[in-house]
Number of protein chains: 2
Amino acid sequence: MLSVHGVSIDFDQQSIQFIDKLTLMATPSTLHAQTCSTCNLRELCLPVGLSAQELNRVEQLVNVRKRVKRGDVLFRAGDAFANLYALRFGFFKTTTASPDGREQVTGFQMVGEILGLDGIVHDQHTCDAIALEDAEVCVLPFDKIEEISREVNQLQSNVHRIMSREIVRDQGVMMMLGNMRAEERLAAFLLNLVQRLQERGFSSTELQLRMTREEIGSYLGMKLETVSRTFSKFVAEKIIEANQRHIVITNAAALRRLAQAQTEEI
Amino acid sequence: MLSVHGVSIDFDQQSIQFIDKLTLMATPSTLHAQTCSTCNLRELCLPVGLSAQELNRVEQLVNVRKRVKRGDVLFRAGDAFANLYALRFGFFKTTTASPDGREQVTGFQMVGEILGLDGIVHDQHTCDAIALEDAEVCVLPFDKIEEISREVNQLQSNVHRIMSREIVRDQGVMMMLGNMRAEERLAAFLLNLVQRLQERGFSSTELQLRMTREEIGSYLGMKLETVSRTFSKFVAEKIIEANQRHIVITNAAALRRLAQAQTEEI
DNA sequence: CGGGCATTTGATCTAATTCAAAGCGAGTGG
DNA sequence: CCACTCGCTTTGAATTAGATCAAATGCCCG
């Protein structure tokens with residue numbers, strides 16, 4: 001459930017349309033508002049918990065928004081790092097390549113999540129960020145983030161938390177890749193998606209996958225055939241219903257039982 | 001090669017003794033100096049690149065050092081988060097547990113590395129940090145880090161870089177766990193250790209493992225038997241010599257070839 | 001309506017796990 | 001100082017989860 005101007009709104013489906021509807025509701029006069037104060041995502045995003053006054057200061061951060069079409073690249077490994085990106089709507093994957101050309105999906109990002117943290121260490125991105133559906137991001141120049149977070153303690157804290165969250169998330173993925181069997185991984189994956197969607201006001205039982213079986217497999221360290229077979233197994237066991245990429249979770253308890261090995265979010 | 005007061009020193013073996021020897025050389029009058037300015041690790045640690053003046057300000061950060069005996073816990077999942085820890089000497093592992101009790105090693109830390117970043121998001125640690133040999137850490141209260149890094153830009157930048165480095169490291173581990181076969185993982189693991197040791201002035205061909213086969217396996221997502229067999233295979237192929245935990249790399253090129261799938265450090 | 005990608009499903013195959021047993025080494029106490 | 005553990009490691013044999021190879025089906029989109 002996403003709270004906008006104190007009003008909670010319930011969604012039963014996630015999609016660009018719904019987010020745009022939300023934008024419309026939240027900011028009737030400024031449809032493509034360029035400021036954080038009028039952005040309906042501010043309670044998910046970098047400025048969580050900032051006072052109106054602090055928010056004013058942070059506004060200076062966001063002057064550019066960028067549309068990224070499905071299939072397009074936001075940044076690529078090797079690109080010079082200058083900005084973080086806050087995802088306003090749409091869906092991304094990040095992929096990391098090895099010297100010998102193998103590629104792995106290392107994350108999926110949805111509304112309100114921050115892309116580009118990998119670039120900070122070496123002033124250079126180490127992964128590709130590719131839109132899996134038409135998306136829009138706020139471009140956040142990192143030097144400005146650093147500058148403003150020296151003045152606004154809450155922003156400083158948020159930056160630290162977001163980075164730490166990413167580190168903890170990665171621990172969970174390692175757990176998944178290192179310890180879990182195919183079924184457990186897929187169960188954990190579905191639950192994780194659905195949980196994040198729920199935090200954003202969408203259904204906790206129904207979702208539209210934005211990625212292929214192959215991308216899921218790459219992320220989960222298994223082959224696309226295994227992903228497909230495991231989906232089929234879940235369907236046979238009446239744990240989920242699956243029509244192509246539309247998934248309905250019919251037995252969340254069973255799924256949770258399977259995914260036990262995964263570290264749950266605190 | 002570690003540069004101390006402008007003098008480069010070469011080690012052929014890593015061990016507590018050697019680090020203590022170094023301490024002795026670097027700070028003859030204050031054997032257990034409690035300040036960063038006199039710490040021989042300052043070029044590896046949080047204060048990299050700080051001017052003497054800035055260093056003075058950062059000094060206020062470090063007032064406590066803590067000894068941790070082999071097998072002892074520095075912090076545990078669930079512990080309240082208050083400090084980061086800079087590793088002065090010794091060797092740690094961090095382990096993450098799942099609800100159903102499975103445990104996985106998610107990292108090994110050596111001199112100059114920072115522990116505790118996982119705790120920032122939820123003011124609570126999410127992993128255990130356990131010393132694999134007698135160790136000493138500087139206790140760095142995180143609120144002070146935040147406070148000082150508002151004033152000292154270079155420190156702020158270092159904090160961000162260290163967190164980002166961790167994120168990039170984790171991407172590499174995911175790559176390893178998701179894409180690589182047992183041999184490749186072990187090769188990548190050995191090369192990574194040896195590379196980090198080399199950055200600290202130790203040999204790039206010889207190392208003393210501080211962890212068991214089981215711990216290696218847990219980190220690499222394989223069983224201890226497989227780790228052992230793979231070591232034996234490397235020995236048979238004359239890529240390494242292994243006597244218990246003492247490893248000599250005799251054919252680094254072959255090892256590098258095997259580990260190609262791993263993302264190399266930029 | 002046709003072409004190309006994505007998905008499903010089946011039949012082997014194999015890398016790694018599991019189960020089992022023996023060997024080794026460092027530390028302890030008689 | 002030796003004998004005896006106990007934990008770690010190695011090696012072997014059997015088993016298996018998932019990979020690979022292959023083919024058919026489905027679906028979207030121009």
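Please read these numbers as outputs of a predicted model, since none were measured by experiment. Protein chains get the first letters and strands the later ones, always in sequence-line order, with residue 1 at the start of each.
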Margin query: Applying side-chain hydrogen bond (donor to acceptor under 3.5 Å, both in side chains) to B/S98 and A/Q260, what does each step give before you reach the verdict?
Written below: CA-CA 7 Å; B/S98 60; A/Q260 278 255 320; over 6 Å; no
Note to self: Please report the distance, rounded to the nearest Å, between CE in B/M222 and C1' in D/dG18.
What the structure shows: 17 Å
Check: Could you write nucleotides 1-11 of chain C as a row of B, S and -, 5' to 3', where a protein heavy atom under 4.0 Å of any base atom gives B, of only sugar-phosphate atoms gives S, and otherwise -?
Finding: -----SSBBBB
Margin query: A quick test of your reading: do over 12 heavy atoms of other residues, nucleotides or ligands sit less than 6.0 Å from CD of B/E214?
Written below: no
Next item on the list: Can you tell me the distance, in whole Å, between the CG atom of B/N179 and the C1' atom of D/dG18?
Entry: 15 Å
Checklist line | Distance, rounded to the nearest Å, where B/L132 contributes CG and D/dC8 contributes P | finding: 12 Å
Next item on the list: Rounded off to whole Å, could you give me the CG-to-P distance for the B/L209 and D/dG7 pair?
Entry: 21 Å
Notebook entry, point to check: Are B/F108 and B/Y219 near enough that their ring centres are under 6.0 Å apart?
Noted result: yes
Margin query: Tell me the interatomic distance from B/K223, atom NZ, to D/dA17, atom P, rounded to whole angstroms.
Written below: 13 Å
Check: Counting only heavy atoms not in B/R76, do more than 12 sit closer than 6.0 Å to its CZ atom?
Finding: no
Next item on the list: State plainly whether the residues B/E215 and B/R210 are in salt-bridge range, i.e. N to O under 4.0 Å.
Entry: no
Check: Quick one: B/L186 CG to D/dT9 C1', roughly how many Å, whole number?
Finding: 14 Å
Next item on the list: Would you mind reading off the distance between B/E183 atom CD and C/dT17 atom P, rounded to a whole angstrom?
Entry: 13 Å
Notebook entry, point to check: Taking NZ from A/K233 and C1' from D/dG18, how many angstroms apart are they, rounded to a whole number?
Noted result: 13 Å
Margin query: Take a 6.0 Å sphere around CZ of B/R70 and say whether it holds more than 12 heavy atoms from other residues, nucleotides or ligands.
Written below: no
